[in-house]
Amino acid sequence: MKRILLIEDEKNLARFIELELRHESFSVTVVYDGVTGLKLALNEDWDIILLDLMLPGMDGIEICRHIRAAKKTPVIILTARDSVEDRVSGLDSGADDYMPKPFAIEELLARMRVIFRRQEEREEEHGTWLVFNELSINLDSRKVSKGNESIDLTKREYDLLVAFMQNVNRVMTRETLLDTVWGFEAAVDTNVVDVYVRYVRNKIDSPGESSYIHTLRGIGYVMRK
């Protein structure tokens, strides 16, 4: 569950936003002054901070500068001050987005989704990858693709493909694959390996091309192209 920090001194508005975000299955913490908001922003981990500009104790611009100096947590500024100068000041302070009040909650949710997508894309770019020819696996996100096409695998199919891609050009017996993917204590026959190799081949191979996974009769399998 994603954690949202809402720093907003208008209690009715804060309550409305909180209820809407909770309805969307976010975990929400609300504070009503700048000093407490900054303390929570710096001392805990948040997925997004929603920040009003006009706050008692410390204004939002100063809070945003302190946050950005210490963390990369996304910040969306919510404020009634919507002049060009105010927007520029807010964005220059390190905010990721700027929403003038009043606003539709649907737009706020949409902008939050954009930020979450950017975060996911950055995580994928910096994740741990297995790559073989056109196949690629991001071990952090567990996403599998062939070229630009995403491939949907079950958990067992995914684990089997990872085993092959971690051992390219290395012959793997059925017993080795069974131990690696199903576990030493799995009460299944080695024939199940043949079944799942067929499942994986059907998803990663292209018609008319040789398979990524080659059968070595009486021995096992090897991934090579």
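We use all heavy atoms of the structure for the numbers below, so side chains are in, but hydrogens, waters and symmetry mates are not. Every value quoted in this text rests on a predicted model; they were computed, and no experiment measured them.
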Peer 1: Could you measure the distance from the CG atom of L139 to the CD1 atom of I137? Nearest 0.5 Å is fine.
Peer 2: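 Atom-to-atom, L139:CG and I137:CD1 are 6.5 Å apart.
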
Peer 1: Under 4.5 Å between side-chain heavy atoms, hopping through other hydrophobics if needed: is there a path connecting I7 to L21?
Peer 2: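 No; L21 is not reachable from I7 via cluster members.
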
Peer 1: Got a sec: does the CG of N169 have more than 12 other heavy atoms crowding it under 6.0 Å?
Peer 2: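 Counting neighbours around CG of N169, more than 12 heavy atoms of other residues, nucleotides or ligands fall under 6.0 Å, so yes.
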
Peer 1: May I ask you to decide if Y98's main-chain N or O and R111's side chain share a donor-acceptor pair within less than 3.5 Å?
Peer 2: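 Pair found, side chain donor or acceptor close to backbone of Y98.
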
Peer 1: Any sub-3.5 Å donor-acceptor pair from K203's side-chain atoms to D152's backbone N or O?
Peer 2: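 It does hold such a pair.
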
Peer 1: Which heavy atom in A70 sits nearest to a heavy atom in L42, and how many Å separate them?
Peer 2: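 That closest heavy-atom pairing would be CB-CD2, 3.9 Å.
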
Peer 1: Is the CD atom of E149 crowded by more than 12 outside heavy atoms at less than 6.0 Å?
Peer 2: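 Open.
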
Peer 1: Please find the pair of heavy atoms, one from C64 and one from V75, that lie closest to each other, and give the distance.
Peer 2: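 So the minimum-distance heavy-atom pair works out to SG-CG1, 4.1 Å.
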
Peer 1: Test of understanding: clusters of I, L, V, M, F, W, Y form through side-chain heavy atoms closer than 4.5 Å, transitively. Do M99 and V30 belong to the same one?
Peer 2: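 Linked within one cluster.
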
Peer 1: Let me confirm one number: the OH-CZ distance from Y196 to R201, rounded to the nearest 0.5 Å.
Peer 2: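 If I round to the nearest 0.5 Å, the distance is 16.0 Å.
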
Peer 1: Does the side chain of L108 come within less than 4.5 Å of I105's, by heavy atoms?
Peer 2: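 Yes, their side chains come closer than 4.5 Å.
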
Peer 1: Contact between D9 and D52 at the side-chain level, heavy atoms closer than 4.5 Å - yes or no?
Peer 2: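 Yes. Closest side-chain heavy atoms under 4.5 Å.
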
Peer 1: Which is it for K71 and D45 under the salt bridge (Lys or Arg N to Asp or Glu O under 4.0 Å) test, yes or no, and what are the steps along the way?
Peer 2: CA-CA 9 Å; K71 309 179 78 172; D45 292 325; 3.6 Å; yes

Peer 1: Taking side chain as C-beta onward, heavy atoms only, is L13 less than 4.5 Å from K101?
Peer 2: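 Counting from C-beta outward, L13 and K101 do come under 4.5 Å.
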
Peer 1: For residues P74 and Q119, determine if any side-chain heavy atom of one lies less than 4.5 Å from a side-chain heavy atom of the other.
Peer 2: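 They are in contact (side-chain heavy atoms under 4.5 Å apart), so the answer is yes.
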
Peer 1: Any donor-acceptor pair under 3.5 Å linking the side-chain atoms of S145 with those of S136?
Peer 2: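 Side-chain D/A pair, S136 to S145: present.
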
Peer 1: If you draw a 6.0 Å radius around CG in N191, do more than 12 non-hydrogen atoms from other residues or ligands fall strictly inside?
Peer 2: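 Check passes, neighbour count above 12.
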
Peer 1: To the nearest 0.5 Å, what is the distance between CD (E8) and OG1 (T79)?
Peer 2: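 One gets 8.5 Å once the value is rounded to the nearest 0.5 Å.
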
Peer 1: Does the side chain to side chain contact (heavy atoms under 4.5 Å, CB included) test come out yes or no for R15 and E18, once each step is laid out?
Peer 2: CA-CA 5 Å; R15 181 58 175 165; E18 178 186 9; 3.2 Å; yes

Peer 1: Check whether any side-chain N or O of K146 sits under 3.5 Å from a backbone N or O of I204 as a donor-acceptor pair, and report yes or no.
Peer 2: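 Yes, the answer is positive, given that a donor and an acceptor are paired below the 3.5 Å cut-off.
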
Peer 1: Would you find a donor on one side and an acceptor on the other, under 3.5 Å apart, between the side chain of D33 and the backbone of V35?
Peer 2: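 Yes.
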
Peer 1: Answer yes or no: does atom NZ of K72 have more than 12 heavy-atom neighbours from other residues, nucleotides or ligands under 6.0 Å?
Peer 2: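 No, the 6.0 Å shell around NZ holds no more than 12 heavy atoms from other groups.
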
Peer 1: CZ of R174 to CG of L216: how many Å apart, nearest 0.5 Å?
Peer 2: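 Answer for the CZ-CG pair, R174 versus L216, is 9.0 Å.
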
Peer 1: Could you give me the CA-CA distance, side-chain angles and deciding distance for R3 and F26, then say whether side chain to side chain contact (heavy atoms under 4.5 Å, CB included) is met?
Peer 2: CA-CA 6 Å; R3 302 185 69 218; F26 293 109; over 6 Å; no

Peer 1: Whether the side chain of T154 engages the backbone of E157 through a donor-acceptor N/O pair (distance < 3.5 Å, no angle test) should be reported.
Peer 2: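 Here the side-chain-to-backbone pair exists.
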
Peer 1: Check whether any side-chain N or O of D59 sits under 3.5 Å from a backbone N or O of L55 as a donor-acceptor pair, and report yes or no.
Peer 2: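 Answer holds: no.
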
Peer 1: Is any side-chain heavy atom of I49 closer than 4.5 Å to one of I4?
Peer 2: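 In short, these two side chains do not touch, never coming nearer than 4.5 Å.
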
Peer 1: So do the side chains of W46 and T29 get within less than 4.5 Å of each other, counting heavy atoms only?
Peer 2: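 Answer yes - side chains close enough.
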
Peer 1: Does V197 share a hydrophobic cluster with V222, counting links as ILVMFWY side-chain heavy atoms below 4.5 Å and allowing steps through other members?
Peer 2: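 Each belongs to a different hydrophobic cluster.
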
Peer 1: Could you check V171 against I219 for side chain to side chain contact (heavy atoms under 4.5 Å, CB included), going step by step and ending with a plain yes or no?
Peer 2: CA-CA 8 Å; V171 175; I219 301 175; 3.7 Å; yes

Peer 1: Start with the C-alpha gap between R68 and D96, add the side-chain angles, then the distance that decides, and say whether salt bridge (Lys or Arg N to Asp or Glu O under 4.0 Å) holds.
Peer 2: CA-CA 10 Å; R68 194 53 69 236; D96 295 83; 3.2 Å; yes

Peer 1: Answer yes if I48 and L53 sit in the same cluster of Ile, Leu, Val, Met, Phe, Trp and Tyr residues linked by side chain heavy atoms under 4.5 Å apart, and no otherwise.
Peer 2: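 No, it is not one cluster - the side chains of I48 and L53 are not joined through contacts under 4.5 Å.
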
Peer 1: Applying the side-chain hydrogen bond (donor to acceptor under 3.5 Å, both in side chains) criterion to Y221, which one of T176, D194, T215 satisfies it?
Peer 2: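 That would be D194.
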
Peer 1: Rounded to the nearest 0.5 Å, how far does CE of M172 lie from CG of D179?
Peer 2: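 Those atoms lie 10.0 Å apart.
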
Peer 1: How far apart are the closest heavy atoms of W182 and L177, and which atoms are they?
Peer 2: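 The answer is CE3-O, 3.8 Å.
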
Peer 1: If two hydrophobic side chains count as joined below 4.5 Å and joins carry through other members, does L5 share a cluster with L50?
Peer 2: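 L5 does not cluster with L50.
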
Peer 1: Quick one, L6 and V31 - any side-chain contact, counting heavy atoms below 4.5 Å?
Peer 2: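 Counting from C-beta outward, L6 and V31 never come under 4.5 Å.
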
Peer 1: Under the 3.5 angstrom rule, does the side chain of R156 hit a backbone N or O of V181 as a donor-acceptor pair?
Peer 2: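 Checking the backbone N and O of V181 against the side chain of R156, a donor-acceptor pair under 3.5 Å is found.
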
Peer 1: Say you draw a straight line from CZ of R224 to CD1 of I213; how long is it, rounded to the nearest 0.5 Å?
Peer 2: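 R224 atom CZ to I213 atom CD1 measures 12.5 Å (nearest 0.5 Å).
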
Peer 1: Work out which heavy atom in M1 is nearest to a heavy atom in D47; give both atom names and the distance.
Peer 2: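 It is O-OD2, 4.4 Å.
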
Peer 1: In residues 158-168, what donor-acceptor pairs under 3.5 Å come from side-chain atoms, sequence neighbours left out?
Peer 2:
unit_1: D159; atom_1: OD2; unit_2: K155; atom_2: NZ; d: 2.9
unit_1: N167; atom_1: OD1; unit_2: R170; atom_2: NH1; d: 2.8
unit_1: N167; atom_1: ND2; unit_2: A163; atom_2: O; d: 2.7

Peer 1: Does some side-chain heavy atom of I115 sit less than 4.5 Å from a side-chain heavy atom of I76?
Peer 2: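 Sidechains of I115 and I76: in contact.
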
